[in-house]
Amino acid sequence: MKSPSSLQELIDALRCLPGVGPRAAQRMAYHLLQYDRAGAQRLGLALGNALQRIRRCSLCNTFSEEDVCALCLSPKRDQAQLCVVETPADLLMMEQTLAYGGRYFVLMGRLAPLDGIGPREIGLDVLRTRALDGVVKEVIVATNFTNEGEATAHYVGELLHGHGIKVSRIARGIPVGGELEFVDAGTLAQALVERREV
Ligand SMILES: [Zn+2]
């Protein structure tokens, strides 16, 4: 039996979520419509609101409802330290370690030359300007320990080399191929403490 078209559209739409295949999407759609219509309504509203309100901080690129995010505005954050992460989700992970008190720069991803993603596409020119503003003393590179994340870290090291600022890389407590988002906060905190200069 074929699903009604708006139901099929919902199933197809749910498949944009990471790790959700056709069967899982189907289960979710049927669940929402049968058992949790209030939840579905809430989900729809929250999605619409988030899409409308959330943009990127003009300083660090992370998600924000304002032009400059609360973290960048906070006088409590150490301006001399700048932590470079791949995504807003990675920033959140770093924050959850409670081990870091500096500021951030969120790349728009990572270098992936084969996919046409070069330094400019991930804002490395903007990062360079930010890092060399005279206030930043240390850049901590916390990109993922994947090939692309490592290549990006290496590039950032080269980019900032010889400008009198320290560039360090979080240590490997993170498994090879590991993505920050999926590492526990304790491991990540340790990797931050054991960071080494690059
Ligand atoms: Zn910000």
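Counting starts at 1 for both ligands and their atoms, following the listed order.
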Test ring-ring contact (aromatic ring centres under 6.0 Å, His included) applied to Tyr104 - qualifying residues, sequence neighbours left out: Tyr100
Of all pairs that satisfy salt bridge (Lys or Arg N to Asp or Glu O under 4.0 Å), the ones with a partner from residues 104-117, not counting sequence neighbours: Glu86-Arg110, Arg110-Glu148
Tally, protein N/O/S atoms nearer to the Zn ion (ligand 1) than 2.8 Å: 4
With Arg56 via salt bridge (Lys or Arg N to Asp or Glu O under 4.0 Å) - residues at least two apart: none
Lys/Arg N to Asp/Glu carboxylate O, Glu66 vs Arg55, below 4.0 Å: no
Full working for side-chain contact (heavy atoms from CB on, under 4.5 Å) between Val84 and Leu127: CA-CA 9 Å; Val84 178; Leu127 169 64; 3.8 Å; yes
Pair Arg169 + Glu138: basic N to acidic O under 4.0 Å: no
